[in-house]
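Proteins come first, then strands; the chains are lettered A, B, ... in the order of their sequence lines, and each starts at number 1. These numbers were taken from a predicted model, which means no experiment stands behind them.
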Amino acid sequence: MRYSVWQLVKQGLRGHTGWPRMWRDPQPKSSYDVVIVGGGGHGLATAYYLAREHGIRNVAVLEKGWIGGGNVGRNTTIIRSNYLLGANLHFYEYAMKLWEGLERELNFNTMVSQRGVLNLFHSDAQRDAYARRGNAMRLAGVDAELLDVDGVRALVPMLDLDNARFPVLGGLLQPRGGTVRHDAVAWGYARAADALGVDIIQNCEVTGIRRDQGRVTGVDTTRGFMATPRVAAAVAGHTSRVADMAGLRLPVESHVLQAFVTEGVKPLLDTVMTFGAGHFYVSQSDKGGLVFGGDLDGYNSYAQRGNLPAMEDVMAGGMAVLPVMGRLRVLRQWGGVVDMTMDGSPIITCTDVPGFYLNGGWCYGGFKATPASGWCFAHTIARDEPHPLSAAFTIDRFHEGRLLDEKGVGPNPWIQ
Amino acid sequence: MSMVQPDRLESGGTIDRGRPLTVNFDGRPYPGYAGDTLASLLLANGVRLVGRSFKYHRPRGVLGAGAEEPNALVELGVGARREPNTRATLVEAVDGLVARSQNRFPSLRHDLLAVNGLAHRFLVAGFYYKTFMWPASFWESVYERQIRRAAGLGRAAAAPDPDRYEHVHAHADVVIAGAGAAGLQAALAAAAGGARVLLLEADRCPGGRLAWERASVNGRPAAHWVADTVSRLEGMDNVRILRRTTLTSVYDHGVTSALEQVAGDPAGSDPALPRQRLWIIRGRRLIVASGALERPLVFDDNDRPGVMLAAAVRSYVNRYAVAPGRSFLVATTGDDAYRTAFDLQDAGRTVVAVADARPHAGAMAEAARERGIRVVNDALPARALGRLQLRGVRLQNGNGAPLEELACDCLAVSGGFSPDLTLSTQMGERPVWSETLGCFLPPPTTDQPVEVVGAAAGVLELQAAFSGAVDAGARAAAAVGYPVPADMPPATAGSSAPSDAPALPVRCPGRGKAFVDFQNDVTADDVRLANQEGFASVEHLKRYTTLGMGTDQGKTSGVNGLLLLAREQGRPPEQVGTTRFRPPAVPVAVGAYAGHRTGRAFAPIRRTAMDGWHRRSGASFIEAGHWLRPSCYPRGDEDIAGATWREALAVRTGVGICDVSTLGKIDVMGPDAAEFLTRLYINGFRKLAVGRVRYGAMLRPDGHLLDDGTTSRFAEDHFVTTTTTANAARVLAHMEYHAQVAWPDLDVAVCSATEQWATMAVAGPRSRETLQLAFPDADLSDEALPFMGFLELDGGGFPLRVFRISFSGELAYEVSVPWGHGEPIWCRIMAAGAPFDITPYGTEALSVLRIEKGHPAGPELDGRTTAADIGLGEMFAKQKTGFVGRLLATRPGLADPHRPRLVGLRPVDPAGRLRGGAHLVADAKGCGIEDSQGWLSSVCHSPQVESWIALGFLADGARRTGEVLHAVFPLRGETVAVEVCSPCFVDPEGSRLRG
Amino acid sequence: MHRIDCPWCGLRDEAEFQYQGDASVAPPPLEGDIDEAMAAVYLRENPRGWHQEWWHHVAGCRQYVRVLRHTGSHEVAATGWPDSRLEPPA
C-alpha cells in the first residue's frame with residue numbers, strides 16, 4: 001500500500017482497520033541467495049539496496065530480537081557529513097544525499113530535519129583544525145560555514161558565552177546536517193525491502209556460520225539451518241562475535257556509549273550542537289526533549305547501560321554551555337554497544353573467507369551512515385568487490401598503514 | 001484571608017490547619033494549608049481542570065497522588081526558576097508559590113489547539129510516517145516547522161538556572177529504597193545487628209500508605225506504629241533516614257544514586273540551601289521497598305477531569321482532608337478500592353455505587369452492602385460523560401451490554417496494582433508475570449545483592465509484607481557480616497478480610513477514545529493499530545505509539561499497554577514482556593547531575609607558580625588544557641596582535657621571559673633509565689653525558705608521533721624529560737605502562753614533576769647577561785654551559801637548574817626552581833633584565849618564535865603524523881636498536897615518501913594573508929578535495945620576515961622548495977599564492993642560539 | 001559505577017582509574033616480526049564474557065592493575081599485579 005495523506009484520510013474514515021502489516025512475518029526458507037545477519041538500520045538498508053539496485057531479492061535479514069532494536073534505535077539521531085579525510089567525506093556526503101531523498105525513495109517519512117550541525121571551537125588552534133576540515137568539506141562539495149562568536153550566538157541564543165570555562169571563539173556549521181527519526185529508518189527500509197520480496201525474520205539468532213573448504217555454505221540459527229553462499233554481517237556492537245563464527249579476529253572493541261533525553265519542552269534549541277571541550281552534544285527532538293550524549297564510558301562492554309561517572313561528565317558539559325538545562329529533567333538514560341575500531345573509521349569489506357562480508361566498526365558514527373552503508377555493502381556483496389565509496393574501509397588498511405584516523409588518537413578506542 | 005475551600009473536609013488529614021497559605025495558579029490565588037501538595041490544594045478548591053494533553057490537547061485533571069501523575073503537569077515558578085512539566089502531586093505547597101498550566105493557548109479552558117482533537121480520527125499512532133511527503137519541498141518549509149512548534153509541554157526557563165546543586169557521597173551496608181511499611185520493617189531488622197542502614201523516602205513523611213491509611217498495626221492506629229518506628233530508627237547511631245529523597249538509579253557494583261529535594265522550598269529561593277542534592281551511595285546490599293502503582297481502567301473518555309485512581313482519592317481524603325468531588329462512583333477490578341468507598345462515606349460524601357468488574361460479590365462487597373453502599377457486580381465503565389468536568393458514567397457489563405448511567409463528579413478507578421519495577425530491573429533483569437496476582441513481579445533475587453520487599457515485590461497484604469521485610473532485612477545484614485538478632489518479630493497488622501483475586505484489567509468494551517497513555521494520548525485503538533501493522537514487540541509498540549515515553553515514564557500506562565497488546569496477539573503477557581526499565585526511576589534535573597560543575601567551575605583551573613605576577617602585570621590568559629597561560633601582556637591600548645609583535649621582536653633583539661611551567665616534566669630514575677628511554681624514544685640516550693640535554697621524539701606503538709621534548713641527564717641513573725603541555729598526562733601513562741607492564745625487568749621508576757618545578761624561558765641575545773646579573777656567582781660562559789647543556793646551582797637554599805636550550809632559536813635558557821620559588825626567581829630575573837628592557841612574553845609570541853624557527857608543536861603533532869613527516873626521518877633511521885612504534889612505522893602507508901611533509905610557506909605577495917586550515921592546491925580554479933596536496937597547520941605574522949608565514953604539510957614536501965602553489969580557503973572564498981620554502985625562516989644556520 | 005579493588009590502595013571508584021584496554025595481549029615487540037606487532041596493537045578477542053584488562057590507577061598509586069571483569073555484567077572477579085594470573089570463576 002502506498003502511503004499518502006489521501007490514504008490516511010481513506011483509512012481514517014474506515015477506522016484504520018485497513019492498514020496492512022508494514023512487513024511480513026515469514027517462515028524461514030531453506031535457502032537464500034544472501035543472508036544478512038542483523039536487522040538494524042544497516043542490515044535492512046543493505047537488503048533494500050540488494051533488491052532494488054542489484055535485483056537480488058531472495059534475501060533473508062535475520063534479527064535475533066526485534067528489528068531496529070540495536071543501535072539504530074539507541075542513538076542521538078544526528079546526521080552530518082562534516083569529516084576531514086577524503087574517504088570519509090565522500091562516503092558520508094553520499095549518505096547525506098540519500099537521506100535527502102529518503103522519504104520519497106521509501107514512501108515513508110523518516111522526518112529528515114536539516115536544522116544544521118554546529119561544532120564549537122575554543123582556541124585558535126582548534127579554529128585552524130576546524131577550518132582545515134571545513135575547507136576540505138567545501139572542496140569536496142559539502143556545505144560548511146565558519147562562524148564567529150556572533151554567528152554562534154545568533155544560532156544558539158541560549159548558549160552561555162559570558163560565564164564559560166572554555167570561551168567560545170566560533171563554530172563550524174554544516175547547515176545540511178540535522179536529525180532523523182531513528183526508529184523510522186529501520187521501519188522504512190524494512191517495509192520497502194519486504195515489498196521487494198526480502199524476508200525479514202525476527203527472533204532468529206545466528207549461532208554458527210558453516211563453511212566448506214573455506215567457502216561459506218550457510219548459517220545455523222535458532223530457527224534452523226539456512227543454506228546460502230553469501231553471509232553478510234551488519235551487527236554493530238557484536239561484530240567481533242559474528243566474525244568469530246567465520247574465524248576472523250578484528251581490530252575492534254565493543255564499548256558502551258550513553259545517551260540521555262529530557263522531558264519535552266517547547267522549542268528551545270534549533271540546531272544540533274557539539275561542545276568539544278566538554279564532550280557534549282545536543283539537539284531537541286520533534287517531541288521537545290533534549291537528546292544529548294558525550295563520551296564513551298570508556299571500558300569494554302556489551303551491557304546496554306552506562307554508569308554514573310560518564311553521565312555526570314555529560315551533564316556538566318551541558319551545564320557548562322547551556323545552563324538553561326539546569327531545571328530540565330532527565331527522563332531516560334540508556335546505552336548502546338558500539339564497535340570501536342582502532343582508527344575510529346568503519347569497515348565495509350569482503351573478507352579472506354569467501355562468501356563472508358563484513359559491515360561494522362561504526363564507532364559512534366553508524367546512524368548517519370545508514371543509507372550509504374547499505375548502498376555500498378549491497379554493492380560489495382552483489383559484485384564481490386568494494387564499492388568505490390567504501391574502498392578505503394577495509395581491514396587491510398591497518399596492515400597497510402593507511403589509517404583513517406579523524407581524531408588522531410591512535411589505537412586506543414576507549415579515548416576516542 | 002478567609003477564602004472558602006469548597007472540597008476541604010471539616011476535620012482530619014495531616015495538614016496543618018494552623019498554617020494557612022496561598023498559592024497562585026494561572027493567575028488566581030487559592031488558599032490551602034501547610035502539608036498540602038499543589039494538587040491537593042487545587043482539588044480542595046474545586047479546581048478540576050489542570051492541564052492539557054500532548055497531542056489532542058484534551059482537558060485533563062489530577063489522576064494520581066504521586067510520581068505516577070501523567071496529567072497534572074504545571075510550570076512551577078517564574079523567570080529563571082521556571083520549571084516545566086512539574087507534577088502538581090509532588091509539589092509541596094508553600095505560601096506564594098506560583099504555578100501555571102501548560103500546553104494550551106490562549107487559556108486552559110479555551111485551548112485553540114484542541115482542534116487537534118477534532119482531527120483525532122486521522123492523527124492515529126504513527127500517522128506522520130505516512131504523510132507530509134508531498135510536495136517534497138513542503139516537508140522542511142512547512143510541515144516540519146509546524147510539528148516542531150507543537151513540540152513539548154511546558155516552557156523551559158529562558159535564563160541560566162540560578163540555583164545550586166550538591167553532590168553528597170554516602171556509604172552504607174544496607175540501602176533501603178522506600179520507608180513505607182516494608183521499608184521501615186526491613187530497616188529495623190537490618191539495623192538491629194549494627195549494620196549501617198540508609199533509608200530513603202521520597203515523601204516528606206515516612207510511612208507510605210500507613211501514614212494515612214485507616215488501618216491498625218500492633219493494635220493501634222498504623223500512623224502511631226510509623227511514628228514509633230521512625231523514632232526508634234532515628235535513635236540508632238547506625239541508621240540514617242533521608243526524607244524527600246528518591247532512589248532513582250541502580251548502577252554497577254552496589255552504587256546507587258538518589259535525588260533529595262531540599263526541604264522547605266520547592267521553588268528554591270533560599271540562597272543558603274541547594275535546591276537539590278544528588279546522593280551517590282556506595283552500598284553493599286540494596287532492599288527495594290518502593291511500593292506498587294495503581295493501574296487505571298481503559299474505557300471511552302477515561303481521561304475526563306474527575307476520573308482518578310482509587311487509592312489516590314483515598315489519600316486525598318485521609319491525608320489532605322480533601323474530597324475531590326461531591327458524588328463518587330468507584331469502579332474496580334479488585335478489593336482495595338472498596339476502602340476508598342468506605343473512607344469517602346465516612347467523610348460524609350455520597351458514594352453512588354461500587355462497580356466491581358468481577359461477576360461475584362466477595363467479602364468486601366458484603367461489607368459495602370452492610371454499610372449501605374450499592375455494589376454492582378460484573379460492571380465496568382463504558383464511557384465517562386462531561387468534558388471539562390466529569391458529570392456521569394455509563395456502565396456496562398463485561399460483555400459490553402449497557403447497564404445504567406450514573407451521575408457523579410468523581411470516578412475512582414482501580415485496575416489492580418503493579419509492583420514498581422523501576423529499581424529492581426534497571427540492571428537488565430527481566431520481570432516475571434504472575435497470573436495469580438495479575439501483574440509483573442521483579443525477577444527472583446536469590447544470591448543477588450538486591451532484595452525486593454512489600455508491594456514492590458507484589459506482596460500487597462500487610463502482614464505478609466511485614467514478615468517478608470523482617471526476613472529480607474536480616475538476610476541483607478547477615479550477608480555483609482552483621483549478626484541477626486534471634487528474636488525479631490514482625491509487626492502485627494490489624495485484621496483484614498482475605499483479598500479476592502482481582503479481575504484482569506483489559507480494554508472495557510467500547511468504540512471511542514480510550515486512553516492507555518494519558519500524557520502522550522495513546523489510545524487502545526493505537527495499540528491495536530500498531531499490532532495490526534506488525535509492531536508486535538512491546539519495544540516496537542512503545543516506539544511506534546510513544547506509549548510510556550512521557551514524563552510519567554509509563555508508570556500508569558506501561559502494564560495496561562502490554563496487556564492490551566497481549567490480548568491483541570492472543571498471547572500470555574509473559575511472552576509479550578515489558579520494555580526495559582532504565583534509570584532514573586523518576587526524572588532528575590540535569591543540574592542535579594552536574595552538581596557544582598557549572599559555568600567556570602565546569603573544569604578545574606590549573607595555575608602556575610607565577611600566575612599572580614602575570615595577573616598583576618595585565619596578562620591576557622588562554623586555556624591550555626586545564627592550565628591558564630598568559631597569551632600576551634598588552635600595554636596600554638595595544639591589541640593582541642600588537643603585543644605579540646612587540647614581545648616576539650623583543651626576544652629577537654633583546655631579551656624576553658616566558659612562563660613555560662606547564663610543560664610536562666618527568667623524572668626517570670634507576671640503573672636502567674638510559675635503556676628505558678632509548679626504547680621509548682626514536683633516538684638513543686645511552687650515550688648522553690651527564691650534564692647534557694638532548695631533543696627527542698617518541699612514537700605511539702602504532703608508529704605515529706606521540707610527543708617530543710628535551711631530556712636532560714642529571715646522573716647515570718637520573719634523567720628529567722619534558723613533554724608538551726597537552727601530552728603530559730598521556731606520556732606519563734605511556735612511560736608507566738612500559739615501566740610496569742612491558743619491561744618489568746628494567747630497574748626504572750618514573751614520576752611526574754610538572755608541579756614540582758616552576759620553569760621560565762629566558763630568551764634573546766641579552767639573555768646570558770640578564771641571567772649573569774640575576775645569578776652573579778654562576779659561570780654561564782659557553783665553556784661552562786654550552787648549548788644543550790645545563791647547570792645545577794644553589795638558588796639560596798634550594799636547587800636552581802639552568803638549561804641552555806632554545807625553542808625560539810635565540811640564545812636562550814630555561815630556569816627551573818622548586819614551585820614555591822617560581823615567582824621570586826621570576827622577579828629576580830625581571831629585575832636583572834631591566835637594563836635590557838626584558839619583556840615578558842606569552843604563548844602568542846612563543847608561537848610566532850617557534851613558527852619562525854620551524855619547530856613543530858600541537859598542530860603538527862596531530863596524531864596522524866610520522867617522525868619523517870616533521871623532518872625527523874634521519875633521526876628515526878639512525879637508531880640501531882628497536883624502539884616503541886618502529887616496526888609499525890615501516891608499514892607502506894607510514895613509510896610512503898610521498899606523504900605530506902613539513903614545509904615552510906610564504907605568500908608570494910608579501911601583503912598576502914595566510915590562514916591556518918587552508919589547503920594547498922596547484923590550481924585554485926575548480927579544485928576538489930582530490931586536488932588538495934596539503935594544508936597550512938600553523939600561521940603567524942612574522943616580525944622577522946615582515947609578512948605572514950606558515951608551517952604546513954605538502955605531499956613530497958621539502959623536495960618542492962621554490963614551487964608556487966595556492967593556499968585556498970573556501971570557507972572565506974580566499975586564495976593566496978604561496979611559495980614553498982624551508983620551515984626555518986630565521987637563522988637557518990643556528991648561529992644565534994649558539995650565541 | 002565500577003568499584004575496582006586496587007592491590008595497593010584497596011577498593012576505589014572507577015573515576016580514579018583510566019581504563020587501558022585488553023591485558024590479554026602482550027606488549028608489541030620492539031623488533032622482529034611486524035605481524036606480531038600488528039596483532040598486539042590492533043587485534044582483539046573482544047569477548048562477551050570474562051576479560052583481562054588494565055585499569056591504571058591514575059588518581060591513586062599510578063600502578064597498572066590487572067582486572068578480570070565480565071563485559072556483559074561488569075562483575076569484577078579478581079584484580080592483581082600486572083604479572084598476576086587471574087582465573088575466571090568456575
Query - Audit row: A:Arg181, B:Tyr129, side-chain hydrogen bond (donor to acceptor under 3.5 Å, both in side chains) steps and yes/no - result: CA-CA 9 Å; A:Arg181 172 80 184 102; B:Tyr129 300 126; 2.7 Å; yes
Query raised in the report: Backbone N or O of B:Pro160 within a donor-acceptor pair of the A:Arg327 side chain at under 3.5 Å?
Result: no
Query raised in the report: Would you say B:Phe969 and A:Leu146 make side-chain contact, with heavy atoms under 4.5 Å?
Result: yes
Query raised in the report: Relative to chain B, which of A:Trp187, A:Phe108, A:Phe292 shows the most heavy atom pairs under 4.5 Å?
Result: A:Trp187
Requested in this report: Return yes if some donor-acceptor pair links the side-chain N/O of A:Arg165 with the main-chain N/O of B:Ala603 below 3.5 Å, else return no.
Outcome: yes
Query raised in the report: Between A:Glu145, A:Arg24, A:His90, which shows the greatest number of heavy-atom pairs under 4.5 Å with chain B?
Result: A:His90
Query raised in the report: Got a donor-acceptor contact below 3.5 angstrom from the A:Lys266 side chain to the B:Gly154 backbone?
Result: no
Query raised in the report: Taking B:Ala157, B:Ala150, B:Pro583 one by one, which has the highest count of heavy-atom pairs under 4.5 Å against chain A?
Result: B:Pro583
Query raised in the report: Is the closest side-chain heavy-atom distance between A:Met319 and B:Val590 below 4.5 Å?
Result: yes
Requested in this report: Decide yes or no on side-chain hydrogen bond (donor to acceptor under 3.5 Å, both in side chains) for A:Glu263 and B:Thr551, but give the supporting numbers first.
Outcome: CA-CA 6 Å; A:Glu263 297 176 352; B:Thr551 63; 4.9 Å; no
Requested in this report: Applying ring-ring contact (aromatic ring centres under 6.0 Å, His included), run through B:Phe535 and A:Trp23 and close with a yes or a no.
Outcome: CA-CA 9 Å; B:Phe535 294 95; A:Trp23 53 87; 5.3 Å; yes
Query raised in the report: So, A:Asp160 side chain and B:Gly599 main chain: donor-acceptor pair closer than 3.5 Å or not?
Result: no
**Report entry** Heavy-atom pairs under 4.5 Å with chain B, option from A:Leu328, A:Val321, A:Leu403 with the top count
**Finding:** A:Leu328
Report task. Among the options B:Ile622, B:Val968, B:Ile605, pick out the one with the most heavy-atom pairs lying under 4.5 Å from chain A. Result -> B:Ile605
Query raised in the report: Does A:Pro20 offer a backbone N or O that forms a donor-acceptor pair with the side chain of B:Gln532 under 3.5 Å?
Result: no
**Report entry** Pick from B:Arg82, B:Arg972, B:His596, B:Gln426 with the largest number of heavy-atom pairs that fall under 4.5 Å of chain A
**Finding:** B:Arg82
**Report entry** Heavy-atom side-chain contact between B:Glu83 and A:Arg329 under 4.5 Å
**Finding:** yes
**Report entry** Parallel, tilted or perpendicular: ring planes of B:Phe602 versus A:Phe166, cut at 30 and 60 degrees
**Finding:** perpendicular
Query - Segment of A:Ala164 engaging chain B (4.5 angstrom heavy-atom cut-off) - result: backbone
Query raised in the report: Taking side chain as C-beta onward, heavy atoms only, is B:Glu144 less than 4.5 Å from A:Asp286?
Result: yes
Report task. Specify which of B:Met427, B:Arg155, B:His704 makes the most heavy-atom pairs with chain A at under 4.5 Å. Result -> B:Met427
Query - Part of A:Thr262 within contact of chain B (heavy atom distance under 4.5 Å) - result: side chain
Requested in this report: Check whether any side-chain N or O of B:His540 sits under 3.5 Å from a backbone N or O of A:Gly68 as a donor-acceptor pair, and report yes or no.
Outcome: no
Query raised in the report: Would you say the side-chain atoms of B:Arg864 pair up with the backbone N or O of A:Glu406, donor to acceptor, closer than 3.5 Å?
Result: yes
Query raised in the report: Can you find a pair of side-chain heavy atoms, one from B:Glu930 and one from A:Leu139, that are under 4.5 Å apart?
Result: no
Query raised in the report: Do A:Met22 and B:Tyr544 touch side chain to side chain, with heavy atoms closer than 4.5 Å?
Result: yes
Query - Residue selection (most heavy-atom pairs with chain B, distance under 4.5 Å) from A:Pro323, A:Ala316, A:Ser4 - result: A:Ala316
Query - Backbone of B:His919 reached by a side-chain donor or acceptor of A:Arg132 within 3.5 Å - result: no
Query raised in the report: Non-hydrogen atoms of chain B under 4.5 Å away: do they reach the side chain of A:Met311, the backbone, both or neither?
Result: side chain
Requested in this report: With the side chain counted from C-beta on, respond yes when A:Pro411 and B:Arg700 share a heavy-atom pair under 4.5 Å apart, and no when they do not.
Outcome: yes
Query raised in the report: Can you say whether A:Thr110 sits under 4.5 Å from chain B via the side chain, the backbone, both, or neither, judging by heavy atoms?
Result: neither
Report summary line: Per-residue tally against chain B (heavy atom, under 4.5 Å) across A:Glu103, A:Gln284, A:Arg305 peaks at A:Arg305
Query raised in the report: Given a strict heavy-atom distance threshold of 4.5 Å, which part of A:Arg104 is in contact with chain B: side chain, backbone, both, or neither?
Result: side chain
Query raised in the report: chain B heavy atoms under 4.5 Å from A:Met325: which part of the residue, side chain, backbone, both or neither?
Result: both
Query raised in the report: What residue in B:Gly863, B:Gly591, B:Ala151 has the most heavy-atom pairs under 4.5 Å with chain A?
Result: B:Ala151
Query - Contact winner vs chain B - A:Asp25, A:Asp124, A:Asn203, A:Asp183, heavy-atom pairs under 4.5 Å - result: A:Asp183
Requested in this report: May I have all residue pairs that pass salt bridge (Lys or Arg N to Asp or Glu O under 4.0 Å) and include part of residues 6-22 of chain A, sequence neighbours excluded?
Outcome: none
Query raised in the report: Can you find a heavy atom in the side chain of B:Phe54 that is under 4.5 Å from one in the side chain of A:Lys287?
Result: yes
Query raised in the report: Side chain, backbone, both or neither: which part of A:Gln11 has an atom under 4.5 Å from a heavy atom of chain B?
Result: neither
**Report entry** salt bridge (Lys or Arg N to Asp or Glu O under 4.0 Å) contacts in which one or both residues fall within residues 531-540 of chain B, not counting sequence neighbours
**Finding:** B:Lys130-B:Glu533, B:Glu539-B:Lys542, B:Glu539-B:Arg543
Report task. Go through the atoms of A:Leu269 and report whether side chain, backbone, both or neither lie under 4.5 Å from a heavy atom of chain B. Result -> backbone
Query - Side-chain (A:Asn135) to main-chain (B:Gly917) donor-acceptor, under 3.5 angstrom - result: yes
Query raised in the report: Pick from B:Arg148, B:Arg891, B:Arg597, B:Arg582: which one has the most heavy-atom pairs with chain A under 4.5 Å?
Result: B:Arg148
Requested in this report: Answer with side chain, backbone, both or neither: which region of A:Leu268 has an atom nearer than 4.5 Å to a non-hydrogen atom of chain B?
Outcome: side chain
